[in-house]
Structure formats: structure tokens, C-alpha cells
Amino acid sequence: MKRLAVTLGLSVAMMSTFAVANTSPRKVFECSVNQTMNFSIFIEQGKGGIIFNESIENQSSVLQRIKPQDYRVEHYHRALVDEKSLEFSIGERVILVSEYFSEEFGEVEKILSVTLREPEQTQYFECEEGSMSNLALLFHESAE
């Protein structure tokens, strides 16, 4: 009887661990920019949407949960070029993150970028080395 109780206890513990691991946020995009202003953007895929976190030096961080109906993912592909992007708004501010990959003209080029559009101005930033993109996760989610 004790052996059955221990086996059941272990089974429940393993299933709980799997459920927790399966629902933890997955990193989708990470970008650091140290050009004109120091800021970083982290985007994670959580249950029911994405989590956007922006940190700007000497300012308070922005943490926002965005539902799938409030963001748009796009994928452009042609021979030797692949581009994925994610766009959403926070108030009047539109945020576009992009992953561009090209093998044209015998050169491999990968550019991660962030475009910030506000009513008064548009700013484009290329992410620093060490940034990462896994925007493909969002396309798997939208296909399901």
C-alpha cells in the first residue's frame, strides 16, 4: 500500500512539474541598444499572449501583457531572404520588432531591429550583438 501511495505521489509530482514547465514564458525576442540611448527590450510568450518589457536607462521600466488579438505577426520569404516581424501598440506608440536574414550576393546578413513609431517621430534601432530572436514561436502559436 505504501508503495502505491509513493508511486501515485511521484506521478502527480512529475505531472505537476511538466505542467509548470509547459506554461512558463518562452523568450521570443531580446534586443539591447546602446547607440543614442541605452535601452533593452525583452518579449516572452506566455499563456494567452506575449509579455513586453522595455527598460530605458534612467527611466522606469514598461511591462505590458499583450493578447494575441492585439498584436500582428508577419512573415515574408523569397529566395535567399527571410523576414519575420511582430507589431503591437501601447497607447499611441507602435512597436515593431523584426528579424531579417539574407544570403543574397554571397553574403550572410542577419539584422535584428526595433522600430518605435509615435505621432511625432519614428525611430529605428539595430540590436547589438548578443541580442536574440525566436519570433518563429509566435507563428507556431498562430497556426494552432
Side-chain angles (χ1 to χ4, degrees), residues 5-144:
V6 169
T7 303
L8 283 174
L10 287 174
S11 297
V12 170
M14 288 174 58
M15 291 175 68
S16 297
T17 302
F18 176 77
V20 169
N22 199 23
T23 60
S24 62
R26 296 185 294 179
K27 195 181 297 187
V28 172
F29 195 84
E30 181 178 333
C31 176
S32 296
V33 174
N34 296 314
Q35 297 165 2
T36 56
M37 60 184 203
N38 291 337
F39 76 91
S40 59
I41 289 177
F42 300 95
I43 299 173
E44 294 180 318
Q45 179 186 37
K47 187 172 182 180
I50 59 173
I51 302 161
F52 172 75
N53 187 342
E54 177 184 37
S55 298
I56 300 174
E57 188 174 326
N58 299 324
Q59 294 183 18
S60 59
S61 295
V62 174
L63 181 65
Q64 186 82 31
R65 181 174 297 275
I66 299 157
K67 297 176 185 173
Q69 63 266 26
D70 296 331
Y71 64 82
R72 185 175 76 224
V73 291
E74 291 186 355
H75 184 202
Y76 171 77
H77 181 78
R78 65 179 165 78
L80 305 176
V81 174
D82 190 62
E83 183 171 13
K84 297 174 186 72
S85 63
L86 164 67
E87 183 178 68
F88 54 92
S89 298
I90 297 177
E92 292 185 343
R93 187 176 187 211
V94 177
I95 297 145
L96 172 72
V97 298
S98 178
E99 171 188 338
Y100 174 84
F101 181 80
S102 171
E103 293 181 285
E104 289 184 306
F105 313 116
E107 294 182 28
V108 175
E109 182 178 39
K110 183 173 182 176
I111 299 171
L112 303 181
S113 65
V114 175
T115 303
L116 306 173
R117 286 192 304 254
E118 298 183 48
E120 310 292 312
Q121 70 178 6
T122 298
Q123 295 175 297
Y124 171 82
F125 301 97
E126 287 188 8
C127 302
E128 305 273 324
E129 192 172 317
S131 299
M132 64 75 63
S133 174
N134 201 1
L135 289 172
L137 287 173
L138 298 176
F139 292 95
H140 295 297
E141 177 185 79
S142 63
E144 293 175 351

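Because only heavy atoms are used, hydrogens play no part in the values below, and waters and symmetry mates are left out as well, while side chains stay in. Residue numbers run from 1 in the order of the sequence given.
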Mind checking the NE2-NZ spacing from His75 to Lys84? Nearest 0.5 Å is all I need.
4.0 Å

Side-chain touch Ile95/Leu116, heavy atoms, less than 4.5 angstrom:
yes

Could you go step by step and tell me if Phe29 and Leu86 meet the side chain to side chain contact (heavy atoms under 4.5 Å, CB included) rule?
CA-CA 10 Å; Phe29 195 84; Leu86 164 67; 6.0 Å; no

For residues Ser133 and Leu112, report the shortest heavy-atom separation together with the two atoms involved.
CB-CD2, 3.5 Å

Less than 4.5 Å apart, any side-chain heavy atom of Val97 and any of Ile43?
yes

Flag side-chain contact, heavy atom, 4.5 Å: Glu120 against Glu92
no

With a 4.5 Å cut-off on side-chain heavy atoms, are Leu96 and Ser85 touching?
yes

Less than 4.5 Å apart, any side-chain heavy atom of Glu87 and any of Arg117?
yes

Working to the nearest 0.5 angstrom, can you tell me the gap between Glu99 CD and Leu135 CG?
5.5 Å

To check you understand the geometry: which heavy-atom pair defines the closest contact between Glu74 and Phe139, and what is its length?
O-CZ, 3.0 Å

Any side-chain heavy-atom pair from Tyr76 and Val81 closer than 4.5 angstrom?
yes

Mind listing the closest non-hydrogen atom pair of Ser131 and Glu30 along with its distance?
CB-O, 3.1 Å

Ser40-Ser32 side chain donor-acceptor pair, cut-off 3.5 Å
no

Taking everything shown except Glu107 itself, do over 12 heavy atoms lie less than 6.0 Å from its CD?
no

Between Asn53 and Ser61 the two heavy atoms that sit nearest each other are OD1-CB, 4.2 Å

Side chain to side chain contact (heavy atoms under 4.5 Å, CB included) for Glu54 and Gln59? Distances and angles first, verdict last.
CA-CA 10 Å; Glu54 177 184 37; Gln59 294 183 18; over 6 Å; no

Rounded to the nearest 0.5 Å, how far does OG of Ser55 lie from CG of Asn38?
11.5 Å

Shortest non-hydrogen contact between Leu138 and Gln45, atoms and distance
CD2-NE2, 4.1 Å

Is Cys31 close to Phe125 at the side-chain level, that is, under 4.5 Å between some pair of heavy atoms?
no

Nearest non-hydrogen partners of Asn134 and Lys27, listed with the distance:
CB-O, 3.9 Å

Any chance you could measure Ile111, atom CD1, to Ser98, atom OG, to the nearest 0.5 Å?
9.0 Å

CD1 of Ile50 to CZ of Arg65, rounded to nearest 0.5 Å, is 10.5 Å

Evaluate Thr122 against Tyr124 for side chain to side chain contact (heavy atoms under 4.5 Å, CB included), listing each step before the verdict.
CA-CA 7 Å; Thr122 298; Tyr124 171 82; 5.8 Å; no

Evaluate the ring planes of Phe52 and Phe88, with Trp represented by its six-membered ring, and classify them as parallel (under 30°), tilted (30 to 60°) or perpendicular (over 60°).
perpendicular

Between the CG atom in Leu80 and the CD atom in Glu109, the distance rounded to the nearest 0.5 Å is 12.5 Å

Heavy-atom side-chain contact between Ser113 and Tyr100 under 4.5 Å
no

